[in-house]
Amino acid sequence: MDKYSYISNAHGAYIDELYQNYLNDNASVDESWQRFFEGFEFSQKFNGHAASSNGSAQPLDSNAPDQYKETKCRDLIFSYRGRGHLLAQTNPIRSRKDRRALLDLEHFSLTEADMDKTFQCGYSLFGKPATLRKILERLQYVYTGPIGFEYMYIREPEIIAWFKQKIEAENVSFMPAFEEQKHILWKLNEGVVFENFLHTKYVGQKRFSLEGGESTIPALDAIIERSAELGVKEFVIGMAHRGRLNVLVNVMGKTYEDVFNEFEGIMPTEEDLKIGDGDVKYHMGFSSMHTTRAGKEVILQLAPNPSHLEAVGAVVEGYVRANCDAMHHGNADKILPIIIHGDAAVAGQGIIYELIQMSKLKGYATGGTIHFVINNQVGFTTDFEDARSSIYCTDIAKVTDSPVLHVNGDDPEAVVYACKLAAEFREKFNRDIFIDMVCYRRHGHNESDEPKFTQPKLYNKIGLHPNTREVYASVLSGRGNAPDLAKKMDLEFRQMLQDRLNMVKQKEVKYKFQKLEEDWQKLRYAQPSDFEKSPETGISQDLINQIANALATIPQGFNPIKQIAKLVEDRKRMFFEDKRLDWASAELLAYGSILCEGKIVRLSGQDVERGTFSHRHAVLKDAENNTPYCSLDYIMPDQERFRIFNSLLSEFAVLGFEFGYAMANPNALVVWEAQFGDFANGAQTMIDQFIAACESKWHRMNGLTLLLPHGYEGQGPEHSNARPERFLQLAAEYNIIVANITQPANFFHLLRRQLAWDFRKPLIIMSPKSLLRDKRVMSDLSEFTQGHFQEMIDDTYAEPKEVKRVLLCTGKVYFDLLERQQLEQRKDVAIVRIEQLHPFPSKQVHQLVSSKYAKAKVMWVQEEPKNMGAWTFIHRVYTYDQITCIGRKESASPATGYLKTHPYEQKYIIDKAFA
Ligand SMILES: Cc1ncc(C[n+]2csc(CCOP(=O)(O)OP(=O)(O)O)c2C)c(N)n1
């Protein structure tokens, strides 16, 4: 402390403290401070009097600065690392906005007169003291060149140290070898010439060209090459419209001929039309096997994608996680998600925040994602200044301490360098990283748009700006490297495209199916007849006993709280004495049975481990140390373990993730549960664009299951209604299953049916709340050892000959109707439950009504208002006879907020049904 008492300014106390820390443990202070203190002690040792007793600093020799300036120079280095990116030359088309980098010498009380003084802190850049001139030169070279590095906000010192080492020491110059330069030019040439070719051949056709951002092609190539060297075997890419066709052919290996065919407008075959309606060419997915230049064989996948920007990212993550679980032994290093964003979308869409928050959670982590932003500085017609409040479009990266590399898109060598660095970072730290490639958009939002309506000044500049390939070609020829190369490549490639267009048959891309793709190949698309009767899904009593044992066992040494001890006792009694199961037991039994088939069961959503309504208790917690115990993991050897995860408080991204998981693996039962059904509307994009339409648009089946708590129980507008009407409105052409079930055994069979079918369909279940504990909602054990899902359940109480009225209903209202029927002993009213609303079991219902209750009037009873619930759908499908509806009046709000009003409304419905 004494040693530093001469520093009489505001820094003194701070430096004193640092020095104390340094004396206690050298490594506890930043490396540059270590060098600083070493220098200080060195000068103390040899000069004895680095400072005067009156506190003012004194130079050690004529060329050495005083300690105050030494400190300031150190600040300068530190500040360049943290703020240099604000000055980096990343914008190819216009000068950067002043972001107040505050990096001038005067900000550090340094002057021109200090330039040739030697500073100890040169150590941290050169491993030895250096003049301010050299220090500044190096800092400017590294930090204000074509890449702006943002990493100093990261709170792990080892990551900061890694970055510093990489960019300040190992790769000060990122100029690649000549062979690599040629390859970059080749990829750029492919990117540029392909767009140019389409532009001239298909004038005015929408293609969302990559022009202005063509460095994306060498960029993706570099990520794939470097990651493959580091052991990645599979890449899953999510991207929007911009540049997609270019990526498809020049990265993914789709044939040029295929793309030309799509531009010519292919006629769908009869087979295609049977599956669905298809999608535009810049939304389609693709997968291929690719051999890297270093000879590594890797799988490339591009996820299909709707117009809704950024939604696909969550799907990609789920897809990656599924492949990681099923094919890479959980090893995320083998599979890499790459998400390509637009600058406006990544800044504006809220799902990005959800996605980022998922990235490190145990249920959702995928070992780090490379985010690549094609930052063309405009979103449709909106300037970046109207598109965000943050400085950078990537500022969300800071939420998870993910580094960002801002790079000039007109410098493909810098882009390639940034991509390789990102690949190395991801493999080393399994953390997200962002590349923000600043470029421009040569045309309007699409090719027929006039950009000068809104950005005339910018587009005057862009009009004069040479394309990236020309820019790079002149860099290469400036270096004296093969001046004719670019021209030669252009001619060759253009000729090849012309040949392809002339329909010279292209060598087919070799396509090898990966394992899960093979599993999908074993399935088939559904036919209408598949929905007439469900397959048998019972399980043996032996298996039930094994699962029951697991569910009814608390392991030695585990301390349950009192209620859990009782719950486990109750389970045991249900399975082994009463032989009647409640809802939760039926559900867990279904999951357990699938796990025992060696298949994955994944359940995620908010609070699913315990269950929102405290019924599931799939994961028990030790009362003393909180250790979790998942009973279903202990049924038998060689079973799959139960993948159950409490999710973050997100619907959009989490549902997208689960959709992606189910899209990857046909043999996994993937379930997402909403806290209450209404919250699913936060994920409406996933429901509309992916769940309802994926098979029709992209010919991709998906077996995702949604559990949406639903039912009118007086809990108010927001906890009553899972909006079945919305799902039913989306329902057509057997696209989704919508069910509302009343019996545990039927729930069990429905869940098992998801994997028993030899096709896959999304399943949406309006699931119960208070019924979870209702004594009437129990099923005999015998119903689990045989049988199948029942789409419709007939009345067993009414006297068919006497029946004058048939009440068709679904879900919870059945029990209210039942109660009245029993109470009033109404043998003249039959209550028929529709357990599966879509596909509607028309044949079964019509057959029943026309034979058993031929003279009866048919009514639809629902507890929802008539503009909600199933009524509008029933009206659509119940074509056989006249049918009327009993329900709440048409309403703006789903349910009353007045607790006392609720029972009156409910009674009114039941009264009318039996009137
Ligand atoms: C969720 C959503 N909202 C609006 C749109 C309409 N839209 C299509 S492209 C676009 C601009 C996207 O800008 P940016 O993310 O910068 O990508 P770019 O098109 O510039 O590559 C908009 C608003 C959309 N597709 N998705």
Side-chain angles (χ1 to χ4, degrees), residues 90-94 191 195 206-217 219-220 237-248 279-284 303-315 338-355 371-396 406 409 434-451 453-455 458-459 462 468 651-653 655-656 681-690 693 697:
T90 51
N91 199 321
I93 212 76
R94 50 184 164 187
E195 293 293 352
K206 256 197 218 177
R207 65 177 200 282
F208 297 106
S209 91
L210 188 56
E211 282 165 272
E214 292 100 328
S215 288
T216 303
I217 302 301
L220 292 175
I237 305 175
M239 75 180 296
H241 48 278
R242 175 89 46 228
R244 194 178 176 97
L245 297 177
N246 210 319
V247 169
L248 274 167
D279 201 350
V280 292
K281 52 187 167 296
Y282 40 82
H283 286 167
M284 301 303 256
N305 173 78
S307 172
H308 285 54
L309 293 166
E310 299 295 347
V312 76
V315 177
I338 303 173
I339 303 182
I340 302 175
H341 312 266
D343 52 314
V346 76
Q349 291 291 302
I351 192 172
I352 297 294
Y353 185 83
E354 297 180 25
L355 200 65
H371 297 268
F372 187 88
V373 184
I374 303 177
N375 180 353
N376 57 23
Q377 309 184 57
V378 56
F380 216 132
T381 67
T382 300
D383 268 319
F384 75 88
E385 292 195 316
D386 294 325
R388 58 180 190 261
S389 295
S390 55
I391 290 184
Y392 293 115
C393 61
T394 50
D395 276 351
I396 193 135
H406 308 278
F434 284 71
I435 298 162
D436 169 24
M437 188 184 80
V438 187
C439 53
Y440 58 94
R441 190 186 71 191
R442 184 162 295 284
H443 307 290
H445 174 61
N446 63 58
E447 290 60 40
S448 54
D449 252 3
E450 172 51 85
F453 284 145
T454 49
Q455 277 85 12
L458 177 64
Y459 273 83
I462 290 174
T468 315
E651 286 80 23
F652 193 2
L655 183 57
N681 61 12
Q684 196 63 46
T685 306
M686 293 301 172
I687 295 163
D688 291 346
Q689 312 302 328
F690 289 90
K697 292 195 289 192

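Start at 1 and go down the list; that is how both ligands and their atoms are numbered. Every heavy atom of this structure was used, including side-chain atoms; hydrogens, water molecules and symmetry mates were not.
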Are any of the N or O atoms of Ile374 closer than 3.5 Å to those of ligand 1? no
So, is Val378 polar-close to ligand 1, with some N/O to N/O distance under 3.5 Å? yes
Checking heavy atoms under 4.0 Å, the part of Asp343 that sits near ligand 1 is both
Under 4.0 Å from atom 26 (N) of ligand 1, do we find at least one protein heavy atom? yes
Kindly indicate, with the supporting measurements, whether the criterion side-chain contact (heavy atoms from CB on, under 4.5 Å) is fulfilled by Phe372 and Met239. CA-CA 9 Å; Phe372 187 88; Met239 75 180 296; over 6 Å; no
Is it the side chain (CB and beyond), the backbone, both or neither of His445 that lies under 4.0 Å from ligand 1, heavy atoms counted? side chain
A student checking ligand 1 against His308 at a 4.0 Å heavy-atom cut-off should list atoms 26 (N)
Using a 4.0 Å heavy-atom cut-off, say whether His241 meets ligand 1 through its side chain, its backbone, both or neither. side chain
I want to know if ligand 1 touches Ser307 in the polar sense, i.e. an N/O pair below 3.5 angstrom. yes
Close-contact set for ligand 1 against Gly379 heavy atoms, below 4.0 Å: 11 (C), 13 (O), 16 (O)
Among all protein heavy atoms, pick out the one at the shortest distance from atom 11 (C) of ligand 1; state its residue, atom name and that distance to 0.1 Å. Phe380 N, 3.4 Å
Taking atom 4 (C) of ligand 1 as the reference point, the nearest protein heavy atom with its distance: Leu309 CD1, 4.7 Å
Atoms of ligand 1 close to Asn376 [distance to a heavy atom under 4.0 angstrom, numbered from 1]: 18 (P), 20 (O), 21 (O)
Does any N/O atom on Arg242 come nearer than 3.5 Å to any N/O atom on ligand 1? yes
Could you tell me whether atom 6 (C) of ligand 1 has a protein heavy atom closer than 4.0 Å? no
Give the contacting part of Gln349 toward ligand 1: side chain, backbone, both or neither, where contact means a heavy-atom distance below 4.0 Å. side chain
Does His341 reach ligand 1, in the sense of a heavy atom lying below 4.0 Å from it? no
Take Met686 and Ile351 through the test side-chain contact (heavy atoms from CB on, under 4.5 Å) and record every step on the way to the result. CA-CA 11 Å; Met686 293 301 172; Ile351 192 172; 3.8 Å; yes
Please verify the inter-ring angle class for His341 with Phe434; under 30° counts as parallel, over 60° as perpendicular, anything in between as tilted. parallel
List ligand 1 atoms under 4.0 Å from Ala344, heavy atoms only on the residue side. 13 (O), 14 (P), 15 (O), 16 (O)
